[in-house]
Amino acid sequence: MMKYLLTISLILLLAACGPAGGEETSSSPSIYIENKGSDTLVNLALAWTERYQSMHPEVRLSVTGGGSGTGIAALMNNTVDIANASRKIKQEEIDMATSNGFIPIEFIVARDAIGIIVNHENPVNQLTMQQLADIFTGRIDNWAEVGGNDLQIVRVSRETNSGTHVYFLEVVIRLGSSESMDIFARDTLLLPSSEGIIAEVRDNPHAIGYDGLGYITDEVKVIAIAMDDQSAYILPSVETVNEGSYPIARDLYMYTPGEPPAPVKDYITWILSPAGQELVRELGFVPITP
Amino acid sequence: MPEIFERRSRESHGEWVITRLIQTAGYSSIFFVLMILYFLLANGLPVMKDVSLSNLFSTVWYPIEEYYGILPLILGSLVVTLGAALIGVPLGILTAVYISEIAPQWVKEALKPLIEILAGIPSVVLGFLGAIVLSPFLRESLNLPTGLTALTGSILLGAIAIPTIVSISEDALNTVPRAYREAALALGTTRWQTIWGVTVPAARSGILMAIMLGIGRSIGETMTVMMVTGNAPVMPDSLGALFAPIRTMTATIASEMGEVSGGSPHYHVLFFIGIVLFLITLGVNVMASRIAFRQRKRSERVLS
């Protein structure tokens, strides 16, 4: 019996020491990639991870959310291999990383549109960017001012650690102007999750919120947006985002601390390939190669 | 004789070890509190260097644009806690009076474990119920623009504080000597007069302590308030603020700590909020123990 066991373990040992690059690849993962950041990207990152791991069993990817700020903070502390972000890295963050000895490398991995959502009972169907900015800064406080019912407006937003929040601040509230010091109206509800936003807008006829296109469900109504009152009102979709006609769309990023090592580079190259971008389309985001 | 001596010395040896062990355990909790305090101060006080006092004590909290006004957060916490006290204290004390003085034995036996179960419900579950059930209900019945308000948080925090208030108040009521009640009844008072005029005043300091501990419990609560108060850093200016969204200190620390990079002004401000929270909780606890202390002194006076 003992001899038998010994033989088996010897065979196993020999098999494990077998020539590298042989037909049989070890099924236990040997490469670990840490991937962290944007909650907008987390579902997409998980889908990529699952598909990629099934093709490359030697790679083990772990994905966590927490917000773009969380991911970039981890990047600066050099505790992740890939940081996901739904906003561009800030200059001061690049400086901080540089002082830690590496330069973050940027990859645009998908596009996302932010949909403006209201309750189904709300008769408003379209808004201009200016009206939207005025609503979220508090200059417009009643739905009647934009053609709706006489109801006080309740603004719903993600928390300030969300990349979506920062993007919305820059593109909608400040209308892209770097001089503008406008911020969200102080009574804006800051909810910790996308689900919280959808739930509040679904239940509350006063509410207006925003969220990534991939998170918006039929439970809420999406508003068509126009750049100004001369332009057409556009609903967000893959087509309108790729054409560039929908005004609130953005790129989604992955950052690596310095030039990525081969396994990480392979992974990102796969994400950018048509196979990786197919998943982007499936999850309701906008692929980068049209 | 030598045998006894030997045994005694062995005993005292064992006793010495045990005494030291207990002593170490006792001192270690003081040591941990001091370490926590040091950690808070070391990470929170540098805020004085990074952020001007006029910014720190302003009314705008928007940390990603370097508005670090913590007043709306402090007042937000106070409004929610005040609301929780208004709801939890009367309910808690009346429940304790009912259990201790009025309820028949079988009701007592059913109520006490039920209240302990209430104490055991995780706060995130209460928060979930609050967001799904209570907040839409409040919005519709009070005709508010949104149900995510300070009041929603107060009601849930009241529910969290009630078990603490009930069990400590009930203990206090139980320690009132039976002779007090018998004497009062012998003087011809009704049951209500006995409870209101004799039993409750006699247990007053214990009840006050229950209130303090209940309030201390609710001011530090995080998850529930984060889920139901809307987290809007509005400066509460009147009691009407109870019906509007607010943002508490605890929810701010919880939701923003994950994002900040270590050593940034925002990081130090969050720790500074931790210091403020620590001081408030400390104040509440000191008040509670002073009440207990005053009571002991009075009873000593009576006995002497």
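A, B, ... follow the sequence lines: proteins, then strands. Residue 1 opens every chain.
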Exercise. Heavy atoms, side chains only, cut-off 4.5 Å: are B/T149 and B/T229 in contact?
Worked result: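 Result no, sub-4.5 Å side-chain heavy-atom pair not found.
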Exercise. Checking A/E93 against chain B: side chain, backbone, both or neither under 4.5 Å from a heavy atom?
Worked result: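 For A/E93, no heavy atom lies under 4.5 Å from chain B.
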Problem set entry | Per-residue contact mode, A/L169 against chain B (heavy atom under 4.5 angstrom) |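 Interface part for A/L169: side chain.
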Determine the option with the most heavy-atom pairs under 4.5 angstrom with chain B, choosing from [options].
options: A/I153, A/V156, A/L190; answer: A/L190
options: A/D187, A/I183, A/N77; answer: A/I183
options: A/M181, A/R174, A/Q152, A/M96; answer: A/R174
options: A/V154, A/D203, A/L189; answer: A/L189

Have [X] and [Y] got a donor and an acceptor in their side chains that come within less than 3.5 Å?
X: A/E200; Y: B/T146; result: yes
X: A/N100; Y: A/N78; result: no
X: A/S157; Y: A/H165; result: yes
X: A/D182; Y: A/T137; result: no

Exercise. CG/A/L191 to OG/B/S255 distance, rounded to the nearest 0.5 angstrom?
Worked result: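 Here the interatomic distance stands at 11.0 Å.
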Problem set entry | Straight-line distance of B/I215 CD1 to B/I280 CD1, nearest 0.5 Å |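 Between atom CD1 of B/I215 and atom CD1 of B/I280 there are 12.0 Å.
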Problem set entry | Proximal component of B/T59, with respect to chain A [non-hydrogen, under 4.5 Å] |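 Its backbone and side chain both get close to chain A.
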Exercise. Chain A contacts: which residues in residues 65-84 of chain B have a non-hydrogen atom closer than 4.5 Å to it?
Worked result: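 Counting heavy atoms that sit under 4.5 Å from chain A, the residues of residues 65-84 of chain B involved are B/E65, B/Y67.
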Problem set entry | Pair A/E195 + A/R202: basic N to acidic O under 4.0 Å |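 Salt bridge absent between A/E195 and A/R202.
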Problem set entry | Residues A/E170 and A/R87 bridged, charged N to O under 4.0 Å |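 Salt bridge absent between A/E170 and A/R87.
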